[in-house]
K.L.:
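The structure's right below; bear with me while I get my questions together.
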Amino acid sequence: MKIKAINGFKDILPDEAVRWQYMEGVARDIFERFGAREIRLPILEKTELFARSIGEATDIVEKEMYTFPDKGITMRPEGTASLLRAFIEHGLHVQQPVQRLYTIGPMFRHERPQKGRLRQFHQMDVEVIGASEPRVDAELIAMGRMLLDELGISASLEINSLGCPECRPGFRRQLVSFLKERRDRLCRDCDRRIDTNPLRVLDCKNPDCRSQVQDAPSILDALCGPCDDHFAHVCRNLEALGVAYSVNRFMVRGLDYYTRTTFEFITGDLGAQAAIGAGGRYDGLIEQLGGPALPGIGFAMGMERIALLMEQQEVARPGPRMDLFVAALGEKAAGHAFPLVHQLRRQGLKVAMDHSGRSLKAQMKQAGRVNAAHTLIIGDNELQQQEAILRNMETREQETVPLQGTVTEQAHSLARRVRDNS
RNA sequence: GUGAGCGUAGCUCAGCUGGUGGUAGCACCGGGUUGUGGCCUCGGAGGUCGUGGGUUCAAGUCCCAUCGCUCACCCCA
């Protein structure tokens, strides 16, 4: 019985890792253009942290986390709670009034895996803490859009407002009574949802439920003055930045902590998992976690989903590329080449060499496979003449190069030649 | 937790109503080129047909069980 990775946990093989590195590089660059600084966080946290932030009674906390009950600790299901915990713990708010932070790493969910939905998944998470102005919402959303644009990924943007503790409860009551009147025309899941999570009925996939819900009261009509004003400004500021969006009054978030602005980047190319990135405002959460009364907003991008889209949409990515492949013919030449290769690497070159003493043909093939820009051929003849053949693999031009002096000197002049030549 | 589908070479897959596992494609190794890659050509290696049981003269193929994977539902971070 071969040992395999456990279900829902996936290896990212080298060919795919290239895509991930590219994605991460673009993301870091953009996050930093917006002034965000990286924060690295632990993967395990006290279970209580997630219970208090995500919501004690949510399915996530009740049954979908990787928890060690005897230890009272949990593998983080999302980044925001951990980030805020660290923010509060270290009093980062005293450093500057507004903090922009990002973190990239694995998260865990204990659920049946499906397409674009693994038990270990990865997110790129950005949070802006300490600012409640609608411009900040628009700026953050625009940053998400910029990231997807620069990765070459097309997705639509939907936004909504969930109101605040002032106006949401009223809307909730309104909605529940609306739904109860139509209880018999809703699917069984929605019938149950009326009691457990009525807002969820709004984005049920069942066509019957969808049509029933068309006439449901809109959260956007129920917003209090300040929330209504905030949302209007977010929309206006998105327009000022030229970010296209559509308002989806049915969009709901599963976490208890969201307030006001919520948004999702959506694609139709990933089966049932349409959201590739999502976020929202969480004014009040930091205080609830025992920190200062500061507002916050953030979003997370799902890296697996982005990687799948990059693959589907064939986003160009650089292949592997070695500067030089050293093909030595025979033991004597190999003995000479071995330290030379080491010196070339110290000079900063990416150098490969075969150690199995195979034919030149086989070694040339290998040079092609690692996409080497040049191949240095050293045989007994060359060795005697203190020279070698340098082949440009693209132009197929070859030149004889001297191998004189110490190994370091040889490496030095070779490195210069290879660099000038490419 | 629920439902459906699928497990044949490293990967992608043929294999019709049971009758000896495919010159299949990609990848790998070697020859054609006694010292020159990609293209071409010839050859080679590589398999407990997921596992266990059953039916049968005979099972990759049919039946049962089991494990694994995938997609979807619930939920959604």
K.L.:
Rounding to a whole Å, what distance do you find between A/Q366:CD and B/rC29:C1'?
P.N.:
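After rounding, the gap between these two atoms is 12 Å.
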K.L.:
Could you check whether A/R192 gets within reach of a base, just the sugar-phosphate, or nothing at all, counting any heavy atom under 4.0 Å?
P.N.:
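Touches sugar-phosphate only.
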K.L.:
P atom, B/rU12 versus B/rC57: distance in rounded Å?
P.N.:
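Those two atoms are separated by 38 Å.
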K.L.:
Hunt down the Watson-Crick or G-U wobble partner of B/rA4, both distances under 3.5 Å, from any strand shown, or write none.
P.N.:
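Because both required distances fall under 3.5 Å, B/rA4 counts as paired with B/rU70.
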K.L.:
Can you check the A/L329 CG to B/rU36 P distance for me, whole Å?
P.N.:
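Atom-to-atom, A/L329 to B/rU36, this comes out as 10 Å.
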K.L.:
Taking any heavy-atom pair under 4.0 Å as a contact, classify A/A362: base, sugar-phosphate, or nothing.
P.N.:
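If one applies the 4.0 Å heavy-atom cut-off, A/A362 turns out to touch the sugar-phosphate alone, with no base involved.
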K.L.:
Determine: side-chain N/O of A/R117 to OP1/OP2 of B/rA77, distance under 4.0 Å, yes or no.
P.N.:
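It does not, given that no N or O in the side chain of A/R117 lies less than 4.0 Å from OP1 or OP2 of B/rA77.
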K.L.:
What's A/R188 touching, base or sugar-phosphate or nothing? Going by heavy atoms closer than 4.0 Å.
P.N.:
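No contact.
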K.L.:
Could you tell me how far B/rC63 sits from B/rG21 if I compare only their C1' atoms? Round to whole Å.
P.N.:
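Straight-line distance between the two C1' atoms is 23 Å.
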K.L.:
Look at the side chain of A/R369 and the base of B/rG37, then say whether one donor and one acceptor between them are separated by less than 3.5 Å.
P.N.:
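Per atom types, no contact qualifies.
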K.L.:
Say we look at B/rG68 and B/rA27: how far apart would their P atoms be, to the nearest angstrom?
P.N.:
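It works out to 34 Å between them.
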K.L.:
Could you tell me whether the phosphate oxygens of B/rG68, OP1 or OP2, come under 4.0 Å of any side-chain nitrogen or oxygen in A/N7?
P.N.:
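Answer is no, no contact under 4.0 Å.
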K.L.:
Check the distance between B/rA4's P and A/R112's CZ and give it to me in whole angstrom.
P.N.:
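One finds 12 Å between P of B/rA4 and CZ of A/R112, rounded.
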K.L.:
Is A/R100 close enough and on-axis enough to A/Y102, meaning under 6.0 Å and within 45°, for cation-pi?
P.N.:
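No, A/R100 does not sit over the ring of A/Y102.
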K.L.:
Students often get this wrong, so: under 4.0 angstrom with heavy atoms, is A/E382 touching a base, only sugar-phosphate, or nothing?
P.N.:
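If one applies the 4.0 Å heavy-atom cut-off, A/E382 turns out to touch a base.
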K.L.:
What interatomic distance, in whole Å, is found between P of B/rC11 and the corresponding atom of B/rC73?
P.N.:
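Straight-line distance between the two P atoms is 28 Å.
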K.L.:
Under 4.0 Å, counting only non-hydrogen atoms across every strand here, what does A/M393 touch: a base, just sugar-phosphate, or nothing?
P.N.:
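Here A/M393 touches the bases of the nucleic acid.
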K.L.:
Across the strands shown, which category fits A/I54 at heavy-atom distances under 4.0 angstrom: base, sugar-phosphate, nothing?
P.N.:
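It contacts nothing in the nucleic acid.
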K.L.:
Using the C1' atoms only, state how far B/rU41 lies from B/rG53, rounded to an integer number of Å.
P.N.:
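About 49 Å, rounded to a whole number of Å.
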K.L.:
Has A/R253 got its NZ or CZ under 6.0 Å from the middle of the six-membered ring of A/Y258, at an angle within 45 degrees of the ring axis?
P.N.:
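So A/R253 does make the cation-pi contact.
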K.L.:
B/rG35, OP1 or OP2 - any side-chain N/O from A/K361 closer than 4.0 Å?
P.N.:
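Checking B/rG35 against A/K361, no side-chain N or O comes under 4.0 Å of OP1 or OP2.
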K.L.:
Calculate, to the nearest 0.5 Å, the distance between atoms CG and CZ belonging to A/D221 and A/F171 respectively.
P.N.:
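It comes to 9.0 Å.
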K.L.:
Taking CG from A/L324 and C1' from B/rU36, how many angstroms apart are they, rounded to a whole number?
P.N.:
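Those two atoms, CG and C1', are 15 Å apart.
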K.L.:
If we take the C1' atom in both B/rA72 and B/rA14, what is their distance in whole Å?
P.N.:
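Each nucleotide's C1' atom is 28 Å from the other's.
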K.L.:
Across the strands shown, which category fits A/N197 at heavy-atom distances under 4.0 angstrom: base, sugar-phosphate, nothing?
P.N.:
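Touches sugar-phosphate only.
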K.L.:
Across the strands shown, which category fits A/A272 at heavy-atom distances under 4.0 angstrom: base, sugar-phosphate, nothing?
P.N.:
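Sugar-phosphate, no base atom in range.
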K.L.:
Can you tell me which nucleotide in B/rA77, B/rC71, B/rG37 comes closest to the side chain of A/Q114?
P.N.:
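When the side chain of A/Q114 is considered, B/rC71 is the closest of B/rA77, B/rC71, B/rG37.
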K.L.:
Using a 4.0 Å heavy-atom cut-off across all strands, classify A/G79 as base, sugar-phosphate, or nothing.
P.N.:
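Result for A/G79 = nothing.
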K.L.:
Shortest non-hydrogen contact from A/A327 to A/T375?
P.N.:
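Closest approach of A/A327 to A/T375, heavy atoms only: CB-CG2, 4.2 Å.
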K.L.:
Remember a base hit wins even if backbone is also touched, and classify A/R396 as base, sugar-phosphate or nothing at under 4.0 Å, heavy atoms.
P.N.:
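Touches a base.
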K.L.:
Do A/E399 and A/R417 meet the salt-bridge criterion of a basic N to acidic O distance under 4.0 Å?
P.N.:
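Answer for the salt bridge query: yes.
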K.L.:
What is the distance from CG of A/L390 to C1' of B/rG37, rounded to the nearest Å?
P.N.:
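Answer to the nearest Å: 15 Å.
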K.L.:
Name the pairing partner of B/rG32, where a pair is Watson-Crick or G-U wobble with both distances under 3.5 Å, or state none.
P.N.:
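For B/rG32, the partner nucleotide comes out as B/rC40, under the 3.5 Å rule.
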K.L.:
When all nucleic acid strands are considered with a 4.0 Å heavy-atom cut-off, which category describes A/Q123: base, sugar-phosphate, or nothing?
P.N.:
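Result for A/Q123 = sugar-phosphate.
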K.L.:
Want to settle it: does A/K115 or A/Q273 sit nearer the 5' end of RNA chain B, counting the closest nucleotide to each?
P.N.:
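It is A/K115 whose nearest nucleotide is closer to the 5' end.
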K.L.:
Applying the side-chain contact (heavy atoms from CB on, under 4.5 Å) test to A/H336, which of A/V407, A/V326, A/L403 qualifies?
P.N.:
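Result: among A/V407, A/V326, A/L403, A/L403 is the only option passing the side-chain contact (heavy atoms from CB on, under 4.5 Å) with A/H336.
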K.L.:
A/K63 near the nucleic acid: base, sugar-phosphate alone, or nothing, with a heavy-atom cut-off under 4.0 Å?
P.N.:
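The residue A/K63 makes no contact with any strand.
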K.L.:
A cation-pi test, strictly: NZ or CZ of A/R109 under 6.0 Å from the centre of the six-membered ring of A/F121 and no more than 45 degrees from its axis. Yes or no?
P.N.:
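Yes, A/R109 sits over the ring of A/F121.
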K.L.:
Sort out the partner of B/rC11 for me: Watson-Crick or G-U wobble, both distances under 3.5 Å, none otherwise.
P.N.:
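Its partner is B/rG25.
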K.L.:
Relative to the 5' end of RNA chain B, which residue comes earlier, A/P77 or A/K10, by the nucleotide with the nearest heavy atom?
P.N.:
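Mapping each residue to its closest nucleotide by heavy atoms, the 5'-most match is A/K10.
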K.L.:
B/rC76 P sits how many Å from A/D189 CG, rounded?
P.N.:
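Taking CG of A/D189 and P of B/rC76, I get 11 Å after rounding.
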K.L.:
Measure from the side-chain heavy atoms of A/R200 and tell me the nearest of B/rC74, B/rG30, B/rA77.
P.N.:
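Closest nucleotide to the A/R200 side chain: B/rA77.
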K.L.:
For B/rC67 and B/rC74, measure between their C1' atoms and round to the nearest Å.
P.N.:
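Their C1' atoms lie roughly 25 Å apart.
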K.L.:
Is the CZ atom of A/R185 crowded by more than 12 outside heavy atoms at less than 6.0 Å?
P.N.:
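Counting neighbours around CZ of A/R185, more than 12 heavy atoms of other residues, nucleotides or ligands fall under 6.0 Å, so yes.
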K.L.:
Between B/rG60 and B/rG54, how far apart are the two P atoms, rounded to whole Å?
P.N.:
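Approximately 15 Å lies between the P atom of B/rG60 and that of B/rG54.
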K.L.:
Rounded to whole angstrom units, what separation is found between the NZ atom of A/K205 and the C1' atom of B/rA72?
P.N.:
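Taking atom C1' of B/rA72 as the reference, NZ of A/K205 is at 9 Å.
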K.L.:
Starting at CD of A/Q385 and ending at P of B/rG35, how long is that distance when rounded to a whole Å?
P.N.:
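For the pair A/Q385 CD and B/rG35 P, the rounded distance is 18 Å.
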K.L.:
Taking only the side-chain heavy atoms of A/K365 (C-beta and beyond), determine which of B/rG37, B/rC69, B/rC74 contains the nearest atom.
P.N.:
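Output: B/rG37.
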